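One structure is given below, encoded as structure tokens.
Side chains included, hydrogens not; waters and symmetry mates left out as well; all remaining heavy atoms used. A, B, ... follow the sequence lines: proteins, then strands. Residue 1 opens every chain. These numbers were taken from a predicted model, which means no experiment stands behind them.
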There are 2 protein chains.
Amino acid sequence: MQATSNPSDSVLGLLKAGGLRMTPQRRAIVAEIMATKGHISPTDLARRVRARVPGVNASTIYRTLDLLEEYGVLSHAHLEAGAEYHHRAEGRHVHLTCSNCGWEDALSLQEAGALQKLISKHRAFSPDLTHFAISGLCGSCRGPSR
Amino acid sequence: MQATSNPSDSVLGLLKAGGLRMTPQRRAIVAEIMATKGHISPTDLARRVRARVPGVNASTIYRTLDLLEEYGVLSHAHLEAGAEYHHRAEGRHVHLTCSNCGWEDALSLQEAGALQKLISKHRAFSPDLTHFAISGLCGSCRGPSR
DNA sequence: GTATATGCAAAGGTTTTGCACAGCC
DNA sequence: GGCTGTGCAAAACCTTTGCATATAC
């Protein structure tokens with residue numbers, strides 16, 4: 001019944017290999033992050049981590065998020081509501097967000113490939129379309145006539 | 001020597017036509033905005049307006065920015081540093097920003113046309129590429145080898 | 001005179017920082 | 001035992017809001 005390898009282990013190992021220490025807070029934060037799919041807002045994360053380990057301070061959350069970004073586990077992106085973190089592996093997609101109703105969707109990087117090519121063709125610039133969302137109007141908000 | 005028509009006039013006229021009142025603060029804010037090209041951050045704007053009319057409160061700045069956005073004079077976009085306003089007419093471009101060195105450039109909407117088409121073809125979604133910047137690596141930061 | 005705009009002060013929210021102590025290794 | 005990580009408290013920002021007063025019309 002023992003979990004021989006849960007999703008947190010590889011990340012914890014990575015941190016350990018970097019000479020970092022394993023504290024209960026860090027374990028709890030990593031565990032909560034690994035259990036989360038999609039967007040991770042620092043505030044929400046803090047709330048959920050405290051459900052596991054009461055008393056974890058917000059500054060610890062922020063410091064750990066920075067750390068995990070340095071170690072390549074997380075990335076952050078900018079959405080209408082502000083900054084948001086996501087698993088680097090999972091986050092390889094382009095956020096689409098409707099400015100009218102808040103509807104959200106995503107393009108896979110594969111789907112976005114043509115976009116990237118178009119931009120890099122135009123300028124000496126390699127776009128990372130995952131970093132900022134793309135705002136716009138979704139099908140419903142654009143109007144039923146079309 | 002009298003300015004028969006300075007750039008502020010049309011905007012002030014627009015506000016007046018909307019039944020709004022012309023206060024010295026509003027004049028100063030509009031004048032400063034019309035004299036600004038490119039990005040307008042609320043904080044910077046406040047500083048510059050106070051140089052013209054001392055004592056203008058930050059809340060007045062924010063209220064006026066909202067107003068000008070409602071009237072279609074300004075739009076806001078999201079860059080790495082946070083929210084930023086720009087002239088709606090002038091701002092019809094896609095911000096490119098280098099995540100490494102901060103270099104900034106822009107694509108005209110004409111140049112971005114193909115991007116928009118590509119996205120709307122993929123989904124029932126009309127993108128507004130001006131609203132969020134596009135992050136990436138500029139030519140220099142991408143490496144001299146290519 | 002009246003409705004609107006402003007200033008002021010406070011609050012709200014997120015994120016950062018300095019410092020002393022706790023605790024991992 | 002030494003150094004790192006955490007909590008705490010405070011501060012730094014940015015932005016919003018309620019209310020009384022000032023003022024444009």
Side-chain angles (χ1 to χ4, degrees), chain A residues 8 11-33 39-71 73-85, chain B residues 8 11-33 39-71 73-85:
Chain A
S8 296
V11 173
L12 294 177
L14 187 68
L15 300 180
K16 221 165 197 170
L20 301 182
R21 296 178 181 177
M22 295 318 311
T23 65
Q25 294 89 336
R26 208 163 259 175
R27 281 180 214 280
I29 295 170
V30 169
E32 189 56 50
I33 286 175
H39 305 168
I40 301 170
S41 90
T43 304
D44 282 359
L45 178 61
R47 194 168 28 68
R48 280 180 285 128
V49 168
R50 285 196 198 103
R52 294 172 181 251
V53 178
V56 176
N57 196 269
S59 54
T60 302
I61 301 285
Y62 284 104
R63 290 189 270 231
T64 305
L65 285 170
D66 284 351
L67 212 54
L68 291 175
E69 189 159 25
E70 281 172 31
Y71 275 76
V73 177
L74 299 179
S75 293
H76 76 271
H78 297 272
L79 275 58
E80 194 69 35
E84 157 268 338
Y85 287 81
Chain B
S8 295
V11 173
L12 294 177
L14 187 68
L15 299 180
K16 221 166 197 167
L20 301 183
R21 296 177 179 178
M22 295 317 311
T23 66
Q25 294 90 334
R26 210 163 258 176
R27 281 180 214 281
I29 295 171
V30 169
E32 189 57 48
I33 286 174
H39 305 168
I40 301 170
S41 89
T43 305
D44 282 359
L45 178 62
R47 195 169 29 68
R48 281 180 284 128
V49 167
R50 286 197 196 102
R52 293 173 182 250
V53 179
V56 177
N57 196 272
S59 54
T60 302
I61 302 284
Y62 284 104
R63 289 189 270 232
T64 306
L65 284 171
D66 284 350
L67 213 55
L68 292 174
E69 189 159 25
E70 281 172 31
Y71 274 77
V73 177
L74 299 178
S75 294
H76 76 272
H78 297 273
L79 275 60
E80 194 68 37
E84 157 268 339
Y85 287 81

ask   = What is the distance from CD1 of B:I40 to P of D:dC14, rounded to the nearest Å?
value = 17 Å

inquiry  = In whole Å, I'd like the distance from the NE2 atom of B:H76 to the P atom of D:dT15.
reply    = 11 Å

query = For B:R27 and C:dT6, what is the distance between atoms CZ and P respectively, to the nearest whole Å?
reply = 11 Å

key: Sugar-phosphate, base or nothing in reach of A:G55, heavy atoms under 4.0 Å   = sugar-phosphate

key: Contact check, side chains of B:P42 and B:Y85, non-hydrogen atoms, under 4.5 Å   = yes

ask   = salt bridge (charged side-chain N to carboxylate O under 4.0 Å, His left out) with B:R47: which residues, sequence neighbours excluded?
value = B:D44

remark   = Whether each nucleotide of nucleotides 16-24 of chain D has a protein heavy atom under 4.0 Å at its base (B), only at its sugar-phosphate (S) or at neither (-) is summarised, 5' to 3', as BBB----BB

remark   = Tightest non-hydrogen contact, residues B:R50 and B:V56, listed as NE-O, 2.9 Å

note = Whole-Å distance, A:H78 NE2 to C:dT14 C1', equals 14 Å

request  = Round to a whole Å and report the spacing from CD of B:E84 to C1' of D:dC14.
outcome  = 16 Å

key: Atom-pair distance (CD1 on B:I61; C1' on C:dG7), nearest Å   = 12 Å

ask   = How would you list, by chain and number, every residue that makes a salt bridge (charged side-chain N to carboxylate O under 4.0 Å, His left out) with A:R21, sequence neighbours excluded?
value = none

key: All salt bridge (charged side-chain N to carboxylate O under 4.0 Å, His left out) counterparts of A:D66, not counting sequence neighbours   = none

task = Could you tell me which residues satisfy salt bridge (charged side-chain N to carboxylate O under 4.0 Å, His left out) with B:R52, sequence neighbours excluded, listed by chain and number?
result = B:E32

Residue closer to the 5' end of DNA chain D, A:T64 versus B:L20 (nearest nucleotide) = A:T64

query = Roughly, in whole Å, what's the span from NZ in B:K16 to P in C:dT4?
reply = 17 Å

task = Scan residues 42-50 of chain B against DNA chain D and write down, sorted by residue number, each residue with any heavy atom closer than 4.0 Å; if none is found, say none.
result = B:P42, B:T43

request  = Apply the side chain to side chain contact (heavy atoms under 4.5 Å, CB included) test between A:L15 and each candidate in A:T64, A:V30, A:V73; give the one that qualifies.
outcome  = A:V30

key: Beyond-backbone contact of A:L79 with B:H78, side-chain heavy atoms, under 4.5 angstrom   = no

Euclidean distance, atom CD of residue B:E70 to atom P of C:dT4 [Å, nearest integer] = 14 Å

query = Quick one: do the B:E84 and B:H76 side chains pair a donor with an acceptor below 3.5 Å?
reply = no

